[in-house]
Amino acid sequence: MFRRPDGHVARMLTIAGSDSGGGAGIQADLKTAHQFGVYGMSVLTAVTAQNTVGVQAVYPLPVDIVRAQLESVRDDLSFDAIKTGMLGDRAAIHAVADALAGVDCPIVVDPVMIAKGGEALLHPDDVAAVIERMLPLAFVATPNAPEAERLTGISIRSLADAARAAEALAGLGARYAVVKGGHLEGAGHLAIDVVFHDGTWTFFAAPRVPSHKTHGTGCTFSSAVAASLARGARPLEAIAAAKSYISRAIAAAADWDVGRGHGPTDHSQSPVWPERMEAGRMYLFDGHQFAETAPPL
Ligand SMILES: Nc1ncnc2c1ncn2[C@@H]1O[C@H](COP(=O)(O)OP(=O)(O)OP(=O)(O)O)[C@@H](O)[C@H]1O
Ligand SMILES: Cc1ncc(CO)c(N)n1
């Protein structure tokens, strides 16, 4: 396990739902933390009966047991970063936001709303609670394009739209707003994630893998950001390391045989730790290293 400069083992907490299929949710988060050399802990908010074909059932856990898990881990363990994923319902969002209000480590908010197959993982009526309670807590927020649309009301058809949505998310409280590009297939042969912080856009791109084995990419990406922050990485380097890891995990899974549908990614990859990333640039990851290229906008 990675040790921080003071010698303590880097650790992260994920607050998310369970994916019985093992590719998304808590399972993806803990696999990712481990792969980053970070000790992972979990607070479960919901249980899903899910596989690579779809979501067969969703059971949000009673808020008392969500709260009890939070208290258990907080009373004994400390965290260098926290990630939130599927929160289940409004009651859990309030309980989690109340518990996180005073914490002093970075929080990555992945505002999970819909599974890859289109099934709702959050009721549309509960999106307001994510906006009011979770975004202001977010050191990094990591919506995909449809989630960013719902959070901001901005229709996202292009990279320019995604950039505007990222700026709007920062206006809603996220310190670093990342709009992921997995769903922006019309944007060309690259999967481009746009980051807005402090008046500046930074872009992280990688070749789009022609694969439908992308189940859990969002969970994996956001927990990779949290794990990097838990190690003490600066925000843009943390996002870059996460981009390298998810790109490799998608590429490595393209020809494997796990599940009949939207298969999971291969979490056994290692991230690339980039040199200093400057705001306002575009970086292209080719599977081995990052190169700076002209910003796309
Ligand atoms: N086919 C692909 N090739 C390369 N990178 C991809 C591909 N699809 C997604 N990505 C990258 O994976 C990361 C996750 O993005 P995505 O938009 O798929 O998240 P998501 O929809 O939240 O995922 P999920 O809901 O399945 O967890 C981003 O860095 C994105 O650019
Ligand atoms: C439990 C869970 N969390 C998040 C997602 C989004 O990918 C999913 N499919 N399942």
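Order of listing sets the numbers, starting from 1, for every ligand and every atom in it.
Regarding atom 1 (N) of ligand 1, its nearest protein heavy-atom neighbour is Val209 O, 2.9 Å. Looking at atom 27 (O) of ligand 1, its nearest protein heavy atom turns out to be Gly218 N, 2.9 Å.
Taking a cut-off of under 4.0 Å to the non-hydrogen atoms of Lys243, the atoms of ligand 1 that pass are 29 (O), 30 (C), 31 (O). Interface atoms of ligand 1 facing Asn144, defined by a heavy-atom separation under 4.0 Å, are 17 (O), 20 (P), 21 (O), 22 (O). Close contacts between ligand 1 and Ala191 involve ligand atoms 4 (C), 5 (N), 6 (C), 31 (O) [criterion: under 4.0 Å to a heavy atom]. Residue-ligand proximity, Arg208 to ligand 1, at heavy-atom distances under 4.0 Å covers atoms 1 (N), 3 (N), 4 (C). The Asp193 neighbourhood of ligand 1 comprises atoms 28 (C), 29 (O), 30 (C), 31 (O), with distances under 4.0 Å to a heavy atom of that residue.
When heavy-atom distances to ligand 2 are checked against a 4.0 Å cut-off, Leu121 comes that close only through its side chain, counted from C-beta outward.
Gly216 counts as a contact of ligand 1, since one of its heavy atoms falls under 4.0 Å from the ligand. For the ligand labelled ligand 2, residue Gly218 lies outside the 4.0 Å heavy-atom shell. Not a single heavy atom of Gly85 sits under 4.0 Å from any atom of ligand 2.
For ligand 2, the polar-atom distance check finds an N/O of Gln50 within less than 3.5 Å of one of the ligand's N/O atoms.
Residue Ile246 holds the heavy atom nearest to atom 12 (O) of ligand 1 of all those in Val112, Ile246, Val225. By heavy-atom distance, the residue among Gly25, Ala46, Ala28 lying nearest atom 2 (C) of ligand 2 is Gly25. Taking each of Ala206, Pro207, Gly23 in turn, the one with a heavy atom nearest to atom 4 (C) of ligand 1 proves to be Pro207.
The stretch residues 26-64 participates, sequence neighbours left out, in these ring pair (Phe, Tyr, Trp, His ring centres under 6.0 Å) pairs: Phe36-Tyr245, Phe36-Trp273.
Using modelled atom types, one finds no donor on one side chain facing an acceptor on the other under 3.5 Å when comparing Thr200 with Asp198.
The side-chain tip of Arg11 does not point at the ring of Phe79 from less than 6.0 angstrom away and within 45° of straight on.
In this structure, the side chains of Val53 and His262 stay at 4.5 Å or more apart for every pair of heavy atoms.
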